[in-house]
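Structure first, then comments.
Remember, it's a predicted structure, so these values are computed and weren't measured experimentally.
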Amino acid sequence: MTKLNQIIAVEKGVKSKALQDGAAAHQKVQKPALLAGISRTYQPKDEEGEQLPPESSRVQVKAEEILRETSASLTRLFDVTATKDWANCAARADVTVDGRTILAEVPVGYLLFLEKQLAELHAFVKKLPVLDAAESWSLDPSTDWWKTDPVRTIRTKKVPRNHVKAEATDKHPAQVEVYYEDVPIGYWTTVKFSGALPARRVNELLDRVEKLQQAVKFAREEANGTEVADRRVGDAVFGYLFA
C-alpha cells in the first residue's frame, strides 16, 4: 500500500511536470505555422516551359495529439492530488506531550495549521517583556503588578556659604569666597512597578510551546504514515472533457 507521505513526496514533482507540459502544449497550439502543411506541384503550359520542383511542408503539430498528451499529463496530477486529498480526510493522529493527550485524532490538515500558528506563538512569547534582573520584584496582590521594595533617597538643596580667605583690615576689606553646600531637606521613597513577566515565567512558556511544536510535528509524521488508496479520477474527468 502507498502511504500518504509518499504521495506528498511525489506531488511537487508531478505538479511541476504538469505545468511544464501545459506551457509547452499552449505554445505549440498558439503557433499556426506548426499546425499547417502544404503540397504544391508545378506544370508548365507546354513542353518548352520552365520546370519547377514540387513544394511541400508537413504538419508538425496535431491538436488532437496535444489533447491526448495534455490529458495524460494532467491525469497523473489529478490522480495524485485526489489520492492526497482523500487521504487527508482520513489521516489523523493524537498530539501527546509528556504522556498527556492534548488533542485526539487531529486531521493532518489541522496539524499543518497548528505548526504554523505555534511557530508564530513561539516568536511572540520569545519577545515578551521580562522584569529587570537588576531589581528584586514581588507581586502586589492589590494591583496584580510586580513591585520593588521601597528605596529611600535623600533630597538635597544647594545652600550658599561664605568662606573668609582673609580678614578685613583698616586698609583692605575682607576677602570672602562663596561656595555651595548640599544640605538635606527631605527624603524620596521610591517603589517601582512593572507589568512585565519574570524570566522564569517566559522560559516556562517557551518550553511549553516548544514541546507542543515537537508533539505536533510527530503527530503529523504519524498521520502522514497512513496507508492510502490510490484514486483514479483523471480518466473520468478527461474521458468526459476530451472524448
Decide side-chain contact (heavy atoms from CB on, under 4.5 Å) for T2 and I7; before the verdict, give the C-alpha distance in whole Å, the side-chain angles of both, and the deciding distance to 0.1 Å.
CA-CA 7 Å; T2 306; I7 293 295; 3.7 Å; yes

If you apply the rule side-chain contact (heavy atoms from CB on, under 4.5 Å), what do you find for H163 with V176, and how did you get there?
CA-CA 5 Å; H163 171 62; V176 180; 6.0 Å; no

Check against salt bridge (Lys or Arg N to Asp or Glu O under 4.0 Å), D182 and K157:
CA-CA 5 Å; D182 288 330; K157 181 180 180 181; over 6 Å; no

Stepwise side-chain contact (heavy atoms from CB on, under 4.5 Å) check, L139 with D144:
CA-CA 6 Å; L139 190 61; D144 203 27; 4.1 Å; yes

When you look at D230 and R232, which way does the side-chain contact (heavy atoms from CB on, under 4.5 Å) test go after all the steps?
CA-CA 7 Å; D230 290 336; R232 297 284 183 263; 3.7 Å; yes

Could you check R208 against E204 for salt bridge (Lys or Arg N to Asp or Glu O under 4.0 Å), going step by step and ending with a plain yes or no?
CA-CA 6 Å; R208 290 185 188 181; E204 286 174 355; 5.2 Å; no

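Contact check for L112 versus R220: side-chain heavy atoms found under the 4.5 Å cut-off. You'll find the side chain of K211 reaches within 4.5 Å of the side chain of D98, heavy atoms only. For the pair K116 and L118, the minimum side-chain heavy-atom distance is 4.5 Å or more. Side-chain atoms of T96 and I102, non-hydrogen and from C-beta on, never get closer than 4.5 Å to each other. Using a 4.5 Å heavy-atom threshold, the side chains of R100 and V97 count as separate. For the pair L111 and V95, the minimum side-chain heavy-atom distance is below 4.5 Å. For the pair P184/R155, no side-chain contact is recorded, criterion being any heavy-atom separation below 4.5 Å from C-beta on. Between V151 and T189, the closest side-chain pair of non-hydrogen atoms is not below 4.5 Å.
Within 6.0 Å of atom CZ in F124, 12 or fewer heavy atoms from other residues, nucleotides or ligands are found, so the atom counts as exposed in its surroundings. More than 12 heavy atoms of other shown residues, nucleotides or ligands fall within 6.0 angstrom of atom OH in Y179. Applying the 6.0 Å contact sphere to CD of E120 captures more than 12 heavy atoms from other residues, nucleotides or ligands. Around CD of Q30, the count of heavy atoms belonging to other residues, nucleotides or ligands within 6.0 Å exceeds 12.
The pair K84-E11 meets the salt-bridge criterion, since a charged nitrogen lies less than 4.0 angstrom from a carboxylate oxygen. The existence of a salt bridge linking K217 and E221 is excluded, since no basic side-chain nitrogen approaches an acidic carboxylate oxygen closer than 4.0 Å.
Contact between P129 and A196 at its shortest, heavy atoms only, is O-CB, 3.6 Å. Across A219 and A93, no two heavy atoms sit closer than the pair O-CB, 3.3 Å. Across all their heavy atoms, P198 and W146 have their closest contact at CG-CZ2, 3.4 Å. The heavy-atom pair separating E167 from V164 by the smallest distance is OE2-CG1, 3.9 Å. Scanning both residues, R76 and V10, for their nearest heavy atoms gives NH2-CG2, 4.4 Å.
Cluster annotation: L131 is not connected to V202 through the hydrophobic network of ILVMFWY side chains, with a link wherever side-chain heavy atoms come within less than 4.5 Å. Both L4 and V14 belong to a common hydrophobic cluster when Ile, Leu, Val, Met, Phe, Trp and Tyr are linked at side-chain heavy-atom distances under 4.5 angstrom. V59 and V61 sit in two unconnected hydrophobic clusters of ILVMFWY residues. Membership requires side-chain heavy atoms under 4.5 Å apart, directly or through other members. V228 and L77 fall within a single hydrophobic cluster, where Ile, Leu, Val, Met, Phe, Trp and Tyr are joined by side-chain heavy atoms under 4.5 Å apart, directly or via other members. Both F113 and V216 belong to a common hydrophobic cluster when Ile, Leu, Val, Met, Phe, Trp and Tyr are linked at side-chain heavy-atom distances under 4.5 angstrom.
Under the 3.5 Å distance criterion, the side-chain polar atoms of T83 are matched with a main-chain donor or acceptor of D79. Using a distance-only test at 3.5 Å, with no hydrogens or angles considered, a donor-acceptor pair links the side chain of T75 to the main chain of S71. D207 places no side-chain N or O within 3.5 Å of a backbone atom of N203 that could act as its donor or acceptor partner. Remark: the backbone N or O of V178 is not paired with any side-chain donor or acceptor of N162 at under 3.5 angstrom. Judged by distance alone, with hydrogens and angles left aside, the side-chain atoms of N88 form no donor-acceptor pair with the main-chain N or O of G109 at under 3.5 Å. In this structure, the side chain of R92 engages the main chain of E105 through a donor-acceptor pair within 3.5 Å. Of the possible polar contacts, one joining the W137 side chain to the D132 backbone as a donor-acceptor pair under 3.5 Å is found. The closest donor-acceptor contact from the side chain of Q6 to the backbone of K3 lies under 3.5 Å. With hydrogens and angles ignored, the 3.5 Å screen pairs no side-chain donor or acceptor of S73 with any backbone N or O of E69. Within the 3.5 Å criterion, the main-chain N or O of H172 finds a donor-acceptor partner in the side chain of T169.
Between the side chains of H122 and Q213, not a single donor N or O lies within less than 3.5 Å of an accepting N or O. Under the 3.5 Å distance criterion, with hydrogens and angles disregarded, a donor-acceptor pair is assigned to the side chains of D140 and S142.
Ring-plane geometry between F78 and F238 is classed as tilted, the angle between the planes lying from 30 to 60 degrees on a 0 to 90 degree scale.
Applying the side chain to side chain donor-acceptor pair (under 3.5 Å) test to R161 and every residue at least two apart in sequence or in another chain returns E181.
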Sequence neighbours excluded and cut-off under 3.5 Å, please list the side-chain donor-acceptor pairs for residues 46-58, or say none.
| residue | atom | partner | partner atom | Å |
| --- | --- | --- | --- | --- |
| D46 | OD1 | E48 | N | 3.0 |
| D46 | OD1 | G49 | N | 2.9 |
| E55 | OE1 | R40 | NE | 3.1 |
| E55 | OE1 | R40 | NH2 | 2.5 |
| E55 | OE2 | R40 | NH2 | 3.4 |
| S57 | OG | I38 | N | 3.4 |

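Note that the CZ atom of R68 and the NZ atom of K62 stand 6.0 Å from one another [nearest 0.5 Å].
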